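This report refers to the structure that appears directly beneath it.
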Amino acid sequence: MHQPPGHRPALPYNPALDGLRGVAILLVMLSHAHAPLFEGAFYGVDLFFVLSGYLISTLLLQEVERSGRIAYWRFYSRRLYRLMPALALFLLAYCLFAPLLWPDLTDVYSDALVSFFYLADYGIAFFDQPGTLLHMWSLAVEEHFYLVWPPLLMLLVRTSAPGQRWRAIALLWLLAWAWRGLWVAQGQQFYEIFFRFDTRASGLLLGSLLAALLLEQPAWFAALRQRLAHGMWLVLAVPLLMAHAWDDMNVMLWGLTLVECATLVVLLALQNDRSPLHEMLRAPALVWVGKLSYGIYLWHYPIVRYLRADWHWAPTVLLGFALSALLAWVSLMTVERWALRWRDRQRQPRSPRPVPLAAPTAPVKATKTIATRACPAPV
């Protein structure tokens, strides 16, 4: 990709992160296909949340380090170019074909409208809409994070001492966890807690906390990273959570938190490109799936829902994945590529005097980057 003169990509490309996306989307698909032993694979969405928070916050904090501010309009417009073309194509196809696949559906167009405006998280939680587009809730959660986080993060930067911004983000993460626990304690229904942005923001904030810690490198964090191997036991416990069924309040109380923390440990391990985990997740097949994960997520749910009505879970997963990947690839090669080319023609903003976040601890080695995929494929 052409880069303007003097432009320095903000985030080195790590293929293992695409591999992690590949794992996440496969878990989600197994859950939606009702595969045995994978009822709790809906935790795959939480991998996406932590990864999104980490990547978006890294980009924003590095922008503040370079320029002393966040270019809000540029951030929002780039997110729009990245996300909306694929979503619009998917919803158009849904409006055309859903009445043929489900003749009895009466809310096809209203479901599409709610999804288009990223209202599915609260729509599902309180109004049971959308239905056939149930998976749109996680895109709405991430979109709400994109809307509120840049100005909130800038406020935290302005009101926190250099090298101490991680403290404010850690407090927000604890408050988000406590907020979800409060609704559980008050007896709110599982689905009313599961789908909402305000009760699912903890994963996004934990990823943001990791971004701040990696940039600011407090002494305790550096010492903790030396003992990272002990944290891998947390990752090994995650498969046990797949036994969690829908409506199990243990998911809300501690299951989500365990998965979020395990994902943080994985992301830390992936900072070392010579680690065994990095080698596993950079497998070409997983990386390919990860690069298509946004499109696969968009297309898979209606396809899997249609197939699982009459088919066994195994062919549902195989055929559902094949069709979803094909449609995601077509979307990527057409509307998404056109939109990204248009986006990258935008003039790069001029950078004011840098305002450092913290004193650097080591020189940063330049690596190959791809700016178009620095931000995550959201779910």
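If you're wondering where the values come from, they're calculated on a predicted model, not measured in any experiment.
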Checklist line | Reported CG-to-CZ distance for the pair Leu60 and Arg69, which is rounded to 0.5 angstrom | finding: 12.5 Å

Note to self: Using only atom types and a distance under 3.5 Å, with no angle test, would you say the side chain of Ser208 pairs donor to acceptor with the backbone of Leu204?
What the structure shows: yes

Next item on the list: Flag the pair Leu256 / Tyr43 as yes when at least one side-chain heavy-atom distance between them is below 4.5 Å, and no otherwise.
Entry: yes

Notebook entry, point to check: Val287 and Pro15: which non-hydrogen atoms are nearest, and at how many Å?
Noted result: CG2-O, 3.4 Å

Check: Which value, rounded to the nearest 0.5 Å, describes the distance between Asn272 atom CG and Leu228 atom CG?
Finding: 9.0 Å

Margin query: Please check: side-chain N/O of Tyr294 versus main-chain N/O of Leu83, any donor-acceptor pairing under 3.5 Å?
Written below: yes

Checklist line | Rounded distance (nearest 0.5 Å) linking atom OG1 of Thr316 with atom CG of Leu30 | finding: 11.0 Å

Check: Going only through I, L, V, M, F, W and Y residues with side-chain contacts under 4.5 Å, is there a path from Val259 to Leu174?
Finding: yes

Margin query: Any side-chain to backbone donor/acceptor pair from Glu260 onto Gly203? Under 3.5 Å, distance only.
Written below: yes

Margin query: Using every non-hydrogen atom in the two residues, find where Ala328 and Glu336 come nearest and quote the distance to one decimal.
Written below: O-OE2, 4.2 Å

Next item on the list: Show your reasoning for whether side chain to side chain contact (heavy atoms under 4.5 Å, CB included) applies to Met84 and Tyr118.
Entry: CA-CA 11 Å; Met84 186 54 69; Tyr118 294 103; 3.8 Å; yes

Check: Aromatic ring centroids of Trp183 and Trp179 under 6.0 Å?
Finding: yes

Next item on the list: Determine whether Leu105 and Pro99 make a side-chain contact, defined as any pair of heavy atoms from C-beta on separated by less than 4.5 Å.
Entry: no

Margin query: If you define the side chain from C-beta out and look only at heavy atoms, does anything of Asn250 sit under 4.5 Å from Leu241?
Written below: no

Item checked: Full working for side-chain hydrogen bond (donor to acceptor under 3.5 Å, both in side chains) between Tyr13 and Asp18 -> CA-CA 9 Å; Tyr13 175 58; Asp18 273 330; 2.7 Å; yes

Margin query: Do Phe97 and Phe90 land in one hydrophobic cluster if side-chain heavy atoms of ILVMFWY residues count as linked below 4.5 Å?
Written below: no

Check: So with a 6.0 Å cut-off around CZ of Phe116, is the heavy-atom count from everything else above 12?
Finding: no

Note to self: Run the side-chain hydrogen bond (donor to acceptor under 3.5 Å, both in side chains) test on Thr263 and Tyr54 for me, step by step, so that the C-alpha distance in whole Å, both residues' side-chain angles and the decisive distance to 0.1 Å come before the verdict.
What the structure shows: CA-CA 11 Å; Thr263 306; Tyr54 161 66; over 6 Å; no

Margin query: Can you confirm whether Leu152 sits close enough to Leu172 that some side-chain heavy atom of one is under 4.5 Å from a side-chain heavy atom of the other?
Written below: yes

Check: Is the backbone N or O of Ile193 less than 3.5 Å from a side-chain atom of Thr199, with the two atoms forming a donor-acceptor pair by type?
Finding: yes

Item checked: Taking every non-hydrogen atom, the tightest pair across Leu234 and Ala262 -> CD2-N, 3.7 Å

Note to self: Would you compute the distance between atom CG of Leu113 and atom SG of Cys95 and round it to the nearest 0.5 angstrom?
What the structure shows: 9.0 Å

Notebook entry, point to check: If two hydrophobic side chains count as joined below 4.5 Å and joins carry through other members, does Met249 share a cluster with Leu182?
Noted result: yes

Notebook entry, point to check: Tyr76 side chain to Leu147 main-chain N or O, any donor-acceptor pair under 3.5 Å?
Noted result: yes

Next item on the list: Would you sort out whether Leu267 and Leu20 count as a side chain to side chain contact (heavy atoms under 4.5 Å, CB included), showing the intermediate values?
Entry: CA-CA 9 Å; Leu267 290 175; Leu20 184 60; 3.9 Å; yes

Checklist line | Any Cys261 side-chain heavy atom under 4.5 Å of Thr257 side chain | finding: yes

Next item on the list: Over all heavy atoms of both residues, which pair between Thr58 and Ala211 is shortest? Give the atoms and the distance, please.
Entry: OG1-CB, 3.2 Å

Note to self: Quick one about His32 and His300 (side-chain donor to acceptor, distance below 3.5 Å, no hydrogens or angles considered), yes or no?
What the structure shows: yes

Note to self: Around atom CG of Asp273, are there more than 12 heavy atoms from other residues, nucleotides or ligands closer than 6.0 Å?
What the structure shows: yes

Next item on the list: Taking the six-membered ring of Trp137 (Phe, Tyr or Trp), confirm whether the NZ or CZ of Arg200 is under 6.0 Å from its centre and within 45° of its axis.
Entry: no

Item checked: Heavy atoms from other residues, nucleotides or ligands near CH2 of Trp177 exceed 12 (cutoff 6.0 Å) -> no

Note to self: Could you see if Leu80 belongs to whatever hydrophobic cluster contains Phe75? Use Ile, Leu, Val, Met, Phe, Trp, Tyr and a side-chain cutoff under 4.5 Å.
What the structure shows: yes

Checklist line | Any donor-acceptor N/O pair, Ser160 side chain to Val157 backbone, under 3.5 Å | finding: no

Check: Do other residues, nucleotides or ligands put more than 12 heavy atoms under 6.0 Å from Trp220 CH2?
Finding: yes

Check: More than 12 non-hydrogen atoms from neighbouring residues, nucleotides or ligands closer than 6.0 Å to CH2 on Trp329, yes or no?
Finding: no

Check: Is the ring centre of Trp246 less than 6.0 Å from the ring centre of His34?
Finding: no

Next item on the list: Anything under 30° is parallel, anything over 60° is perpendicular, the rest tilted; go ahead and classify Phe321 against Trp288.
Entry: perpendicular

Check: Quick one: CZ on Phe221 to CD on Gln217, what's the gap to the nearest 0.5 Å?
Finding: 6.0 Å

Next item on the list: Side-chain contact test, heavy atoms from C-beta onward, threshold under 4.5 Å: evaluate it for Leu214 versus Leu268 and give yes or no.
Entry: yes

Margin query: Which heavy atom of Thr132 sits nearest to which heavy atom of Asp111, and what is that distance?
Written below: N-OD2, 3.8 Å

Check: Does the side chain of Arg21 reach to within under 4.5 Å of the side chain of Ile25, using non-hydrogen atoms?
Finding: no

Margin query: Does Met232, at its CE atom, have more than 12 non-hydrogen atoms belonging to other residues, nucleotides or ligands within less than 6.0 Å?
Written below: yes

Checklist line | Whether His135 side chain and Leu298 backbone form a donor-acceptor pair below 3.5 Å | finding: yes

Next item on the list: Would you check if the side chain of Asn14 reaches a backbone N or O of Leu270 as a donor-acceptor pair within less than 3.5 Å?
Entry: yes

Next item on the list: Apply side chain to side chain contact (heavy atoms under 4.5 Å, CB included) to the pair Leu215 and Trp166, showing each step before the final yes or no.
Entry: CA-CA 9 Å; Leu215 286 171; Trp166 66 269; over 6 Å; no

Check: When clusters are formed by joining ILVMFWY residues with side-chain heavy atoms under 4.5 Å apart, either directly or through shared neighbours, do Leu26 and Leu318 land in the same one?
Finding: no

Note to self: Assess, by modelled atom type and distance only, whether the side chains of Tyr297 and Ser138 contain a donor and an acceptor separated by less than 3.5 Å.
What the structure shows: yes

Check: Given the rule in the side chain to side chain contact (heavy atoms under 4.5 Å, CB included) test, do Gln62 and Arg66 qualify, once you have shown the distances and angles that lead to the verdict?
Finding: CA-CA 6 Å; Gln62 288 182 346; Arg66 291 192 306 270; 3.8 Å; yes

Note to self: When you compare the side chain of Leu139 with that of Met136, does any pair of heavy atoms fall below 4.5 Å?
What the structure shows: yes

Check: Got a donor-acceptor contact below 3.5 angstrom from the Arg343 side chain to the Arg82 backbone?
Finding: no

Notebook entry, point to check: Donor-acceptor pair, Arg196 side chain versus Glu192 backbone, under 3.5 Å?
Noted result: yes

Next item on the list: To the nearest 0.5 angstrom, please state how far the CG atom of Leu17 sits from the CD atom of Gln271.
Entry: 7.5 Å

Margin query: Please give me the minimum heavy-atom distance between Ile169 and Ala212, naming the atom from each residue.
Written below: CD1-CB, 3.8 Å

